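Note sheet for the following structure.
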Amino acid sequence: MLDDRPTGDRRTLLLDAIEDAALRGGRLTSAMLGQGRSGGAATRFDLNEHLAGLGSLMRARAGRHVEIRFEPAVGSLPVKLDPADLDAVILELVSNACAALVRPGVIRIRTRRLGGRVRLIVADNGRGMSAAELHAALHRFEQPSVNGFGLGRVRHFVENAHGRLRFRSSENRGSVASLNLPLVLKVAGAETAATAPARWNRMTRKEIRHEKRQSITA
């Protein structure tokens with residue numbers, strides 16, 4: 001990317017992303033070497049702030065022809081997760097979305113609070129997948145590599161976080177990934193992860209159509 005001799009804000013963005021990538025990559029590598037697998041120590045942090053900090057790396061990864069739109073929910077979203085694993089999952093979803101774009105496109109990253117849960121949505125207006133391709137992608141469990149963790153790893157991360165993953169894709173209409181995760185709630189001086197009513201573990205057809213329509217018309 002620096003070979004294109006960027007100037008001004010573009011150069012600053014890339015340099016910030018390189019520094020941020022080195023720090024995050026170091027944490028992720030240390031966690032993988034120490035654990036022998038993904039899944040390090042869970043830490044309490046605000047999801048919106050964490051995603052905003054990941055913005056420069058996501059935009060650098062996406063390239064100049066892809067617009068990343070971050071649309072956070074109002075207020076703080078305290079979660080307790082392994083930050084390195086979350087970074088790997090988000091970058092995997094962004095990488096997959098970029099690969100699916102057949103023209104300059106848009107990737108939307110949204111957070112929505114639903115009581116004691118948060119829904120993290122990554123939607124694109126790319127070429128999408130058939131039902132068979134989506135099933136194979138979700139149930140294939142790749143080993144960690146330089147190319148990312150794969151959708152199977154994304155599903156594994158969400159399940160370990162006591163969440164639910166919903167992924168919808170239609171050919172030529174884009175894809176929508178929805179990660180339903182528990183917030184950390186304070187109860188009588190203690191912290192606890194919220195459990196989810198069944199209705200919060202589903203992404204309704206109306207919501208799916210809305211997310212796809214937003215991505216397609218962006």
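It should be emphasised that the depicted structure is a prediction, and the values quoted were computed from it without experimental measurement.
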- Item | Minimum side-chain heavy-atom gap V66-V94 below 4.5 Å | no
- Query: Considering residues at least two apart in sequence or located in another chain, which fulfil the side chain to side chain contact (heavy atoms under 4.5 Å, CB included) criterion with S76?
  - Reply: D46, P78
- Task: For residues V118 and R113, determine if any side-chain heavy atom of one lies less than 4.5 Å from a side-chain heavy atom of the other.
- Result: no
- Query: Are L13 and L51 grouped together when hydrophobic residues (ILVMFWY) are joined by side-chain heavy atoms under 4.5 angstrom apart?
  - Reply: no
- Could you give me the CA-CA distance, side-chain angles and deciding distance for L120 and I109, then say whether side-chain contact (heavy atoms from CB on, under 4.5 Å) is met? CA-CA 7 Å; L120 170 57; I109 299 175; 4.0 Å; yes
- Message: To check you understand the geometry: which heavy-atom pair defines the closest contact between H162 and R117, and what is its length?
- Response: O-NH2, 3.3 Å
- Side chains of L47 and L86 in contact at under 4.5 Å (non-hydrogen atoms): yes
- Task: For A73 and T111, work out which heavy atoms get closest and say how close.
- Result: N-OG1, 2.8 Å
- Query: What residues, two or more places apart in sequence or in another chain, satisfy side chain to side chain contact (heavy atoms under 4.5 Å, CB included) together with L91?
  - Reply: L57, M58
- Message: Quick one, V154 with F167, criterion side-chain contact (heavy atoms from CB on, under 4.5 Å). Give me CA distance, side-chain angles, the key distance, then yes/no.
- Response: CA-CA 11 Å; V154 175; F167 200 102; over 6 Å; no
- Value rounded to 0.5 Å, distance of CG in L165 from NE2 in H156: 13.0 Å
- Query: What is the distance from atom CD1 of I107 to atom CZ of R59, rounded to the nearest 0.5 Å?
  - Reply: 11.0 Å
- Are any non-hydrogen side-chain atoms of T43 and D82 less than 4.5 angstrom apart? no
- Note on the structure: CG (L81) and CZ (R44) are apart, to the nearest 0.5 Å, by 11.5 Å
- State, with a plain yes or no, whether a side-chain heavy atom of L179 is found less than 4.5 Å away from one of V89. yes
- Step by step, work out the side-chain contact (heavy atoms from CB on, under 4.5 Å) result for L181 and R119. CA-CA 6 Å; L181 301 168; R119 181 170 287 163; over 6 Å; no
- Roughly how far, to the nearest 0.5 Å, is the CG atom of L77 from the CZ atom of R112? 12.5 Å
- For N48 and G75, indicate whether the former's side chain and the latter's backbone hold a donor-acceptor pair under 3.5 Å. yes
- Query: Which residues satisfy the salt bridge (charged side-chain N to carboxylate O under 4.0 Å, His left out) test with E171, sequence neighbours excluded?
  - Reply: none
- For A100 and D124 the tightest heavy-atom approach is CB-OD1, 4.5 Å
- Query: Closest heavy-atom contact between A177 and L93?
  - Reply: CB-CD2, 4.1 Å
- Query: If only atom types and distance count, is the side chain of N125 paired as donor or acceptor with the main-chain N or O of V106 below 3.5 Å?
  - Reply: yes
- Message: If I compare all heavy atoms of P83 with all of A41, which pair ends up nearest, and what's the gap?
- Response: CD-O, 4.1 Å
- Message: How long is the straight-line distance from SG of C98 back to CD1 of I68, given to the nearest 0.5 Å?
- Response: 5.5 Å
- Item | CZ-CZ distance between R166 and R164, expressed to the nearest 0.5 angstrom | 4.0 Å
- Item | Sequence-distant partners of E67, side-chain hydrogen bond (donor to acceptor under 3.5 Å, both in side chains), two or more places apart | R69
- Could you list the residues that satisfy side chain to side chain contact (heavy atoms under 4.5 Å, CB included) with A99, not counting sequence neighbours? none
